[in-house]
Amino acid sequence: MSILVVAEHDHSTLKSATLHAVAACGKLGGDIHLLVAGHNARGAAEAPQLAGQLAENVAALIVNIAGPYSHIVLPATGFGKNIAPRVAASLDVAQVSDIMSVESPDTFIRPIYAGNAFATVQSKDAKKVITVRTTAFDAVVPEGGHAAIEDVAAPPGFEGIELLGQELTKSDRPELTSARIIISGGRGLQKGENFKMLEALADKLNAAIGASRAAVDAGFVPNDYQVGQTGKIVAPDLYIAVGISGAIQHLAGMKDSKVIVAINKDPEAPIFQIADYGLVGDLFEIVPALTAELSST
Amino acid sequence: MKVLIPVKRVVDFNVKVRVKPDGSGVDTANVKMSMNPFDEIAVEEAVRLKEKGIASELVAISCGVAACQETLRTALALGADRAILIETNAELQPLAVAKLLKAIVDKETPQLVILGKQAIDDDSNQTGQMLAALLGWPQATFASKVDIAGGKATVKREVDGGLETVAMVLPAVITTDLRLNEPRYATLPNIMKAKKKPLDVVKPDALGVDVAPRLATLKVVEPPKRKGGGKVADVKELVAKLRSEAKVIS
């Protein structure tokens with residue numbers, strides 16, 4: 001039995017999501033092969049048409065080399081979610097999305113209904129195409145580097161699509177999905193400018209900044225800040241929810257955090273039901289006070 | 001240009017679901033059902049394309065039990081021209097749905113299929129991508145802006161690091177994300193009119209598609225409950241507890 005992990009990378013380094021996906025494969029058992037599909041990335045598959053990592057091209061490559069593998073594994077990130085179903089359908093197999101646990105090589109636990117139920121599912125297909133919930137598996141430590149690197153040829157580029165450009169959020173802060181501490185803002189922040197207050201606190205704690213859907217929809221912050229059922233799934237050591245009421249769709253994205261702090265003026269806000277430390281009050285007083293307290297001691 | 005809009009009937013997003021005591025699944029009896037919210041966004045986008053004169057005919061399609069007709073009537077009330085129900089009581093998984101949709105696409109030959117990126121019941125996020133693969137079409141998932149002109153769709157996509165723009169030659173598949181638009185509500189006159197719009201019913205067998213599930217659900221359980229509800233009086237106590245009790249900051 002051997003497993004193909006499709007690496008998420010930026011053509012120079014692996015994204016941490018890859019390390020979590022590899023960790024899940026450790027539970028499957030068997031040889032693990034890593035496919036790095038890119039351009040000018042000293043990797044296994046190397047072709048200009050892979051530069052944009054479009055699903056059409058990456059999926060076609062995976063399907064080409066899928067033959068010997070029992071499992072094809074991707075992280076359940078924007079990258080993996082875009083590509084994996086294309087691979088599964090091309091191979092005529094089901095996909096198991098967002099696995100949280102490996103029960104056996106064909107049986108997995110995955111969340112449904114925004115994490116309000118956990119389903120144990122068994123795949124009857126010969127090949128398993130899987131996406132991995134990265135927060136559910138501790139990242140493997142990249143060390144050794146003794147594995148052989150083999151080149152594979154990429155199929156010709158897909159004709160009907162072209163990547164025109166990317167507008168990526170630039171930030172010196174830790175990435176949301178791998179940060180140890182996250183501070184998230186919601187509708188209670190009232191306007192985008194007020195996120196500066198969270199930034200000051202984040203600077204003190206070396207934290208990433210996230211947001212609820214309400215804050216993103218209102219245009220306070222860009223879409224890539226969104227934590228929740230259909231946004232990013234996070235599980236940091238400390239999650240500080242500021243002005244977030246706690247809709248189930250938001251809780252679905254952060255309730256596995258180790259410690260949750262909620263700051264909200266409404267004592268009835270559902271976020272307090274899952275918070276370890278709730279502080280009822282005006283966030284516009286509490287957040288600066290918290291930043292000051294962390295600076296003074 | 002003809003546009004196909006697959007829509008799914010799901011437990012309403014406001015309902016807190018309950019796991020059945022026997023662990024066989026989630027209790028959906030006597031629960032409010034609605035159109036998957038991401039599919040509502042897809043319907044809205046298609047209707048806007050028609051209002052702009054870009055789309056000529058909008059065909060809504062749903063796969064599942066007879067009650068999915070209600071979901072299709074909603075789509076018709078929002079502006080779809082006609083509807084197709086692929087009726088079955090069988091459990092449908094994303095690969096089967098993608099195959100059913102492909103069979104309809106082969107007959108209807110639309111230039112665009114637009115659907116939600118994910119259904120809020122099984123949270124699979126697969127059907128659109130699978131359909132694109134089966135058709136050999138390009139895909140733009142997680143769309144936050146769609147422009148169609150000259151046989152091309154230019155789509156802004158929500159990716160983990162921000163936004164990405166792709167241009168696709170039609171026909172193509174687009175899956176919708178939250179920021180694409182804000183769906184309208186159906187007006188009463190439109191709900192009345194929708195009752196008279198054509199709704200065809202076909203069976204999977206007639207389409208030659210085997211819908212047998214590939215994944216067996218062995219059990220469904222409640223997630224472990226998180227013990228929360230702790231309160232602190234002020235910022236000083238919060239910082240002290242985060243340091244000495246939770247030990248998550250230094």
Side-chain angles (χ1 to χ4, degrees), chain A residues 55-56 59 77-78 81-82 85-86 88-90 93-98 111-125 158 160-169 205 213 217 222-224 230 237-238 255 258-259 261 272-279 286 289-290 293-294, chain B residues 11 16-17 19 26 93-95 98 117-118 120-126 129-130 132-134 137-139 141-142 144 154 158-169 172 178-179 214-223 226 228-232 235-236 238-239 241-242 246 248-249:
Chain A
E56 292 78 359
T77 54
K81 290 174 186 174
N82 191 33
R86 222 174 148 103
S90 301
V93 302
Q95 177 186 321
V96 188
S97 291
D98 217 14
I112 53 176
Y113 291 93
N116 286 305
F118 290 171
T120 305
V121 297
Q122 183 177 33
S123 166
K124 298 169 185 170
D125 289 314
F158 189 91
I161 189 161
E162 186 189 355
L163 177 65
L164 297 183
Q166 291 179 319
E167 300 157 50
L168 303 181
T169 305
L205 294 168
R213 177 190 170 182
D217 282 0
N223 61 278
D224 50 295
T230 67
D237 289 347
L238 173 61
K255 68 181 171 193
K258 219 171 274 171
V259 175
V261 171
F272 286 123
Q273 291 167 18
I274 62 148
D276 302 283
Y277 303 106
L279 186 47
I286 291 171
L290 183 53
E293 176 73 17
L294 289 167
Chain B
V11 171
K16 172 101 171 68
V17 296
V19 171
V26 160
Q93 293 177 351
L95 181 61
K117 73 166 181 178
Q118 130 181 20
I120 60 163
D121 50 4
D122 65 11
D123 284 333
S124 286
N125 194 330
Q126 300 175 4
Q129 296 90 312
M130 286 184 156
L134 296 177
W137 288 7
Q139 69 185 45
T141 52
F142 325 147
S144 73
T154 306
E158 295 198 358
V159 296
D160 285 343
L163 293 165
E164 169 176 304
T165 307
V166 294
M168 300 187 290
V169 178
L178 293 168
R179 259 70 61 178
R214 305 291 189 85
L215 300 177
T217 301
L218 305 183
K219 67 173 176 196
V220 174
V221 298
E222 297 254 3
R226 193 184 169 101
K231 290 269 167 67
V232 288
V235 165
K236 262 197 176 359
L238 175 62
V239 171
K241 288 216 159 143
L242 289 177
V248 284
I249 60 171

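Sequence lines set the chain letters: A, B, ... in the order given, protein chains first and strands last, and positions in each chain run from 1. Quick caveat, the model's predicted, so the values are computed rather than measured.
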Asker: First locate atom CH2 of W137(B), then atom CD1 of I161(A), and finally report the distance between them rounded to the nearest 0.5 Å.
Answerer: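 Spacing of CH2 (W137(B)) from CD1 (I161(A)) equals 13.5 Å.
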Asker: For Y277(A), does the six-membered ring have the charged nitrogen or CZ of K231(B) within the cation-pi criterion, i.e. under 6.0 angstrom from the centroid and within 45° of the normal?
Answerer: no
Asker: Given heavy-atom pairs under 4.5 angstrom as the criterion, report whether the side chain, backbone, both or neither of V26(B) touches chain A.
Answerer: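 For V26(B), the contact with chain A is made by the side chain alone.
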Asker: What part of D98(A) gets closer than 4.5 Å to chain B, counting heavy atoms only: side chain, backbone, both or neither?
Answerer: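 When you check distances to chain B, no heavy atom of D98(A) falls under 4.5 Å.
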Asker: In terms of side-chain heavy atoms, does Q126(B) have a donor or acceptor partner in S97(A) at a distance below 3.5 Å?
Answerer: yes
Asker: Most heavy-atom pairs under 4.5 angstrom with chain A, which of L95(B), I249(B), V19(B)?
Answerer: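 Among the listed options, the one with the most contacts to chain A is L95(B).
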Asker: Do you know which of L134(B), V11(B), I120(B) has the most heavy-atom pairs under 4.5 Å to chain A?
Answerer: I120(B)
Asker: Contact part of Q95(A) toward chain B, heavy-atom cut-off under 4.5 Å: side chain, backbone, both or neither?
Answerer: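 Both backbone and side chain.
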Asker: Heavy atoms only: give me the nearest R213(A)-R179(B) pair and the separation to one decimal.
Answerer: CG-NH1, 4.1 Å
Asker: Would you mind telling me which of V159(B), T141(B), V221(B) has the largest number of heavy-atom pairs within less than 4.5 Å of chain A?
Answerer: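 Looking at each of V159(B), T141(B), V221(B) in turn, V221(B) comes out on top.
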Asker: Mind ranking T77(A), I286(A), N116(A) by heavy-atom pairs under 4.5 Å with chain B and telling me who comes out on top?
Answerer: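 When all of T77(A), I286(A), N116(A) are compared, N116(A) has the most.
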Asker: Looking at chain A, which one of D160(B), T217(B), V166(B) has the largest number of heavy-atom pairs inside 4.5 Å, strictly under?
Answerer: D160(B)
Asker: With a 4.5 angstrom heavy-atom cut-off, is it the side chain or the backbone of F272(A) that approaches chain B, or both, or neither?
Answerer: both
Asker: List the atom of V96(A), the atom of L215(B), and the distance in Å for their closest heavy-atom pair.
Answerer: CG2-CD2, 3.8 Å
Asker: Looking at chain B, which one of K124(A), E167(A), E56(A) has the largest number of heavy-atom pairs inside 4.5 Å, strictly under?
Answerer: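 Most pairs with chain B among the choices: E167(A).
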Asker: Name the option with the most non-hydrogen atom pairs under 4.5 Å to chain A; the candidates are K241(B), Q93(B), E222(B).
Answerer: K241(B)
Asker: Rounded to the nearest 0.5 Å, what's the gap from CG on N125(B) to OG1 on T230(A)? Could you check?
Answerer: 9.0 Å
Asker: Flag the one option from Q139(B), M168(B), K219(B), E158(B) with the top tally of heavy-atom pairs under 4.5 Å to chain A.
Answerer: Q139(B)
Asker: At a heavy-atom separation under 4.5 Å, does A275(A) approach chain B through its side chain, its backbone, both, or neither?
Answerer: backbone
